[in-house]
Trainee: 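One structure follows; several queries about it will come next.
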Amino acid sequence: EGIFWSELPALPAGEYHVFADVSHETGYAQTFVGSVSVPAPEQAVDASVPDSGEIQWLADIGSLRDPEDSWLTSVDPAPSAHSSIPPIRFGDGLQLVWTGENAADPGEQLRFEITDEQGRPIQPEPYLGMAAHAAVVGNGGSIYTHLHPAGSVSMAAMQLFELRDAGLIPSEIGRDEPLCTLPSVDESQEKWLTMTAARKQGEIIFPYLPPEDGTYRVWVQFKIGGTVHTVFTRLLLEDGDDRRS
């Protein structure tokens, strides 16, 4: 069995939802849902519990943090109305502007622009093979979606679909499924970075229709100058039914 670990930042004590997106080597993807209780700092270490060895092992490799890791632990608790919200600014002068509040296409409500302090567009760099990533959570954690500008499909799953569509492998699911690998960086830039609805530099569009109207928590991640920027906001999103009719 594979073991995956991730070092937590200094989170406030409390109960947290945990979502893990896993792509199998056959191309199929799953989302695992769980929860974790983060203790207060004084409760974090219990000397009465013997060290199993695994805890020490995790501490030993804690210094090998993935440079692609990025987190945000301080957010504005006030939800944003379905109207223009102020730009989200970063310490390096970049800012993210939500431009999807009045999108003509309901699927483009998650539309953003990356600009500098003067409002000039900044194009993001490839980050884990995509131009950007987003996580959308609603209804107390019961709604969760991991998005890219190319949609929610995983790279490995797309490879499998394309092989079947080209007739290179049987269409039925069986034991002899092919093993899929992530595209190289060059392939990602050539293919995945072009699979987007964005129409101009610095624009990011995550195609998404929520299953129901409501306020959603939205995280957006993108890379500029080798640094991964993480954004959090709350947006009132609509399922699009009214605007289609």
Side-chain angles (χ1 to χ4, degrees), residues 6-12 19 65-138 145-152 185-186 188-210 214-238:
S6 180
E7 181 181 358
L8 286 178
L11 295 173
F19 304 96
R65 180 181 298 163
D66 191 329
E68 303 283 27
D69 283 350
S70 176
W71 49 63
L72 183 68
T73 59
S74 178
V75 298
D76 181 2
S80 300
H82 197 119
S83 60
S84 296
I85 61 175
I88 301 171
R89 293 182 170 86
F90 300 88
D92 56 5
L94 294 178
Q95 58 185 13
L96 188 78
V97 182
W98 180 44
T99 60
E101 66 270 26
N102 295 313
D105 182 347
E108 293 189 4
Q109 294 176 87
L110 296 183
R111 187 176 68 212
F112 303 88
E113 289 183 5
I114 306 171
T115 70
D116 61 14
E117 291 179 296
Q118 287 71 44
R120 295 173 296 199
I122 303 294
Q123 188 66 23
E125 303 164 7
Y127 172 40
L128 299 178
M130 296 287 179
H133 301 257
V136 181
V137 179
T145 308
H146 178 188
L147 294 167
H148 309 124
S152 60
V185 174
D186 289 341
S188 295
Q189 292 177 342
E190 179 181 349
K191 178 178 180 180
W192 295 97
L193 296 179
T194 59
M195 294 177 64
T196 174
R199 291 171 287 274
K200 58 183 179 180
Q201 186 178 19
E203 185 176 63
I204 303 172
I205 299 176
F206 300 100
Y208 181 68
L209 278 177
T215 300
Y216 289 79
R217 301 176 182 219
V218 180
W219 287 263
V220 177
Q221 289 187 317
F222 59 91
K223 182 189 285 188
I224 300 288
T227 299
V228 179
H229 296 69
T230 299
V231 173
F232 167 83
T233 188
R234 287 184 173 92
L235 300 177
L236 184 60
L237 303 179
E238 301 175 355

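What you see is a predicted model, and the numbers here were worked out from it, not measured in a lab. FYI, the numbering just counts along the sequence from 1.
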Trainee: Not counting sequence neighbours, which residues clear salt bridge (charged side-chain N to carboxylate O under 4.0 Å, His left out) with D92? List them please.
Mentor: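 By the salt bridge (charged side-chain N to carboxylate O under 4.0 Å, His left out) rule, D92 matches no residue at all.
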Trainee: How far does CZ of F112 sit from CD of Q95, to the nearest 0.5 angstrom?
Mentor: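 If we round to the nearest 0.5 Å, F112:CZ and Q95:CD are 14.0 Å apart.
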Trainee: Say you draw a straight line from CG of L237 to OH of Y208; how long is it, rounded to the nearest 0.5 Å?
Mentor: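 One finds 7.0 Å between CG of L237 and OH of Y208.
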Trainee: Partners of T230 by side chain to side chain donor-acceptor pair (under 3.5 Å), sequence neighbours excluded?
Mentor: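 If we apply the side chain to side chain donor-acceptor pair (under 3.5 Å) test to T230, skipping adjacent residues, the hits are S70, Q221.
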Trainee: Under the rule for ring-ring contact (aromatic ring centres under 6.0 Å, His included), what residues qualify as partners of Y216, not counting sequence neighbours?
Mentor: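 Counting only residues at least two positions away or on another chain, Y216 forms no ring-ring contact (aromatic ring centres under 6.0 Å, His included).
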Trainee: Excluding sequence neighbours, so at least two apart, what forms side chain to side chain donor-acceptor pair (under 3.5 Å) with R199?
Mentor: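 So R199 forms a side chain to side chain donor-acceptor pair (under 3.5 Å) with E108.
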Trainee: Please report the interatomic distance OG1(T115) to CG(L94), rounded to the nearest 0.5 Å.
Mentor: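 The OG1 atom of T115 sits 8.0 Å away from the CG atom of L94.
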Trainee: For P149 and A132, work out which heavy atoms get closest and say how close.
Mentor: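 Shortest heavy-atom separation between P149 and A132 comes out as CD-O, 3.2 Å.
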Trainee: Please assess F232 against I88 for the test side chain to side chain contact (heavy atoms under 4.5 Å, CB included), listing each intermediate value before the final yes or no.
Mentor: CA-CA 9 Å; F232 167 83; I88 301 171; over 6 Å; no
Trainee: Rounded to the nearest 0.5 Å, how far apart are NE2 of H148 and CD1 of I204?
Mentor: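 Answer rounded to 0.5 Å: 12.0 Å.
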Trainee: Before giving the answer on side chain to side chain contact (heavy atoms under 4.5 Å, CB included), spell out for L235 and V136 the whole-Å C-alpha distance, their side-chain angles and the decisive distance to 0.1 Å.
Mentor: CA-CA 10 Å; L235 300 177; V136 181; over 6 Å; no
Trainee: Roughly how far apart are I114 CD1 and L96 CG, rounded to 0.5 Å?
Mentor: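 If I round to the nearest 0.5 Å, the distance is 6.0 Å.
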Trainee: State, to 0.1 Å, how close Q123 and G202 come at their nearest heavy-atom pair, and which atoms those are.
Mentor: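 Here Q123 and G202 meet closest at OE1-N, 2.7 Å.
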Trainee: Kindly write out the residues that satisfy ring-ring contact (aromatic ring centres under 6.0 Å, His included) with F19, not counting sequence neighbours, or none if the list is empty.
Mentor: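 Residues passing ring-ring contact (aromatic ring centres under 6.0 Å, His included) with F19: Y144.
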Trainee: Over 60° means perpendicular and under 30° means parallel, so tell me whether Y127 and H133 are parallel, tilted or perpendicular.
Mentor: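 Answer is perpendicular, since the angle exceeds 60°.
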Trainee: Test V231 against F222 for side chain to side chain contact (heavy atoms under 4.5 Å, CB included), laying out the working first.
Mentor: CA-CA 9 Å; V231 173; F222 59 91; 4.3 Å; yes
Trainee: Answer yes or no: is there a donor N or O on one side and an acceptor on the other, between the side chain of E125 and the main chain of I224, under 3.5 Å?
Mentor: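 Checked: no pair found.
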Trainee: Taking side chain to side chain donor-acceptor pair (under 3.5 Å) as the test, write out the residues that go with E113, two or more places apart.
Mentor: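 For E113, the residues satisfying side chain to side chain donor-acceptor pair (under 3.5 Å) (neighbours in sequence not counted) are K200.
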Trainee: Using the side chain to side chain contact (heavy atoms under 4.5 Å, CB included) criterion, which residues pair with P12? Sequence neighbours excluded.
Mentor: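 Residues passing side chain to side chain contact (heavy atoms under 4.5 Å, CB included) with P12: Y16.
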Trainee: Keeping to residues at least two apart or across chains, list the salt bridge (charged side-chain N to carboxylate O under 4.0 Å, His left out) pairs with something in residues 215-230.
Mentor: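 Salt bridge (charged side-chain N to carboxylate O under 4.0 Å, His left out) check on residues 215-230 returns E68-K223.
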Trainee: With sequence neighbours excluded, tell me which residues meet side chain to side chain contact (heavy atoms under 4.5 Å, CB included) with P207.
Mentor: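 Counting only residues at least two positions away or on another chain, P207 forms no side chain to side chain contact (heavy atoms under 4.5 Å, CB included).
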